[in-house]
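Here is the structure we will look at.
Since this is a predicted model, take the numbers as computed values, not measurements.
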Amino acid sequence: MTTDDKTRTELEAAVFRRLVGHLRSRTDVQNIDLMNLAGFCRNCLSNWLKEEADAKGAAMTKDESREAVYGMPYETWKATHQGAASPEQLAAMKKSGGH
């Protein structure tokens, strides 16, 4: 399949929105689990979004990029959905070199 740059960008943007929507619906999946299994988490996505905004000269704060990924203020998400990490999760993250 050959696509032009505009179509490719639109497809990639749609996939990003779908990924973010999926992560928003799976509040049972903790960021530490994502980090341990995949090497990235919701915070990584929000950081990448901010870095790309910065590179393009678009105004975006860290709070705004996190809200774009989480669908709510980050502190609200943490208070509502984030559980305490188990010793096993922390050990796995340390072993994998995650943040």
Side-chain angles (χ1 to χ4, degrees):
M1 177 173 132
T2 305
T3 59
D4 59 57
D5 287 343
K6 181 180 183 298
T7 301
R8 183 180 52 80
T9 298
E10 289 170 355
L11 292 171
E12 290 169 351
V15 170
F16 176 78
R17 288 188 296 271
R18 192 169 177 178
L19 172 62
V20 167
H22 179 75
L23 290 173
R24 286 180 184 176
S25 73
R26 290 299 311 268
T27 57
D28 59 310
V29 178
Q30 297 293 298
N31 280 333
I32 193 166
D33 294 323
L34 288 169
M35 282 300 298
N36 288 339
L37 293 173
F40 79 100
C41 68
R42 294 170 183 89
N43 287 336
C44 296
L45 286 176
S46 69
N47 291 341
W48 298 340
L49 181 60
K50 178 162 179 11
E51 288 167 10
E52 293 302 320
D54 290 347
K56 298 281 187 216
M60 180 177 285
T61 67
K62 185 175 181 176
D63 288 339
E64 289 169 335
S65 69
R66 284 193 171 179
E67 189 163 341
V69 170
Y70 285 92
M72 64 185 71
Y74 178 57
E75 293 303 320
T76 302
W77 191 92
K78 279 183 12 178
T80 306
H81 302 293
Q82 184 170 305
S86 71
E88 295 82 9
Q89 288 171 315
L90 293 170
M93 187 172 74
K94 185 175 180 179
K95 183 177 178 183
S96 72
H99 59 116

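Taking 4.0 Å as the cut-off between side-chain N and carboxylate O, D5 and R8 count as a salt-bridged pair.
Residues V69 and Y74 form no side-chain contact, since every pair of their non-hydrogen atoms from C-beta on lies 4.5 Å or further apart. In this structure, the side chains of L23 and L45 come closer than 4.5 Å at one or more pairs of heavy atoms. The side-chain heavy atoms of H81 and T76, taken from C-beta on, include no pair separated by under 4.5 Å.
L19 and V29 fall within a single hydrophobic cluster, where Ile, Leu, Val, Met, Phe, Trp and Tyr side chains are chained together by heavy-atom contacts under 4.5 Å. Linking Ile, Leu, Val, Met, Phe, Trp and Tyr residues whenever their side-chain heavy atoms come within less than 4.5 Å leaves W48 and L37 in two separate clusters.
In this structure, L49 shares a hydrophobic cluster with M60, the cluster being traced through Ile, Leu, Val, Met, Phe, Trp and Tyr side chains under 4.5 angstrom apart.
Every residue two or more places apart in sequence or in another chain that forms a side-chain contact (heavy atoms from CB on, under 4.5 Å) with D33 is listed here: Q30, Q89. The side-chain hydrogen bond (donor to acceptor under 3.5 Å, both in side chains) check on K56 picks up nothing, with sequence neighbours excluded. K78 is linked by a salt bridge (Lys or Arg N to Asp or Glu O under 4.0 Å) to E75, counting only residues two or more places apart in sequence or in another chain. Take E10 and apply the side-chain hydrogen bond (donor to acceptor under 3.5 Å, both in side chains) test, not counting sequence neighbours, and it matches K6. Residues forming a side-chain hydrogen bond (donor to acceptor under 3.5 Å, both in side chains) with N31 (at least two apart in sequence, or on another chain): R42, Y70.
Taking CG from N47 and CD from E52, the interatomic distance works out to 12.0 Å, rounded to the nearest 0.5 Å. Remark: N43 CG to I32 CD1 distance equals 11.5 Å, nearest 0.5 Å. To the nearest 0.5 angstrom, K62 atom NZ is 10.5 Å from E51 atom CD. For the atom pair CE (M72) and CZ (R24), the distance works out to 8.0 Å, reported to the nearest 0.5 Å.
Here the closest non-hydrogen pair linking S46 and S65 is O-OG, 3.2 Å.
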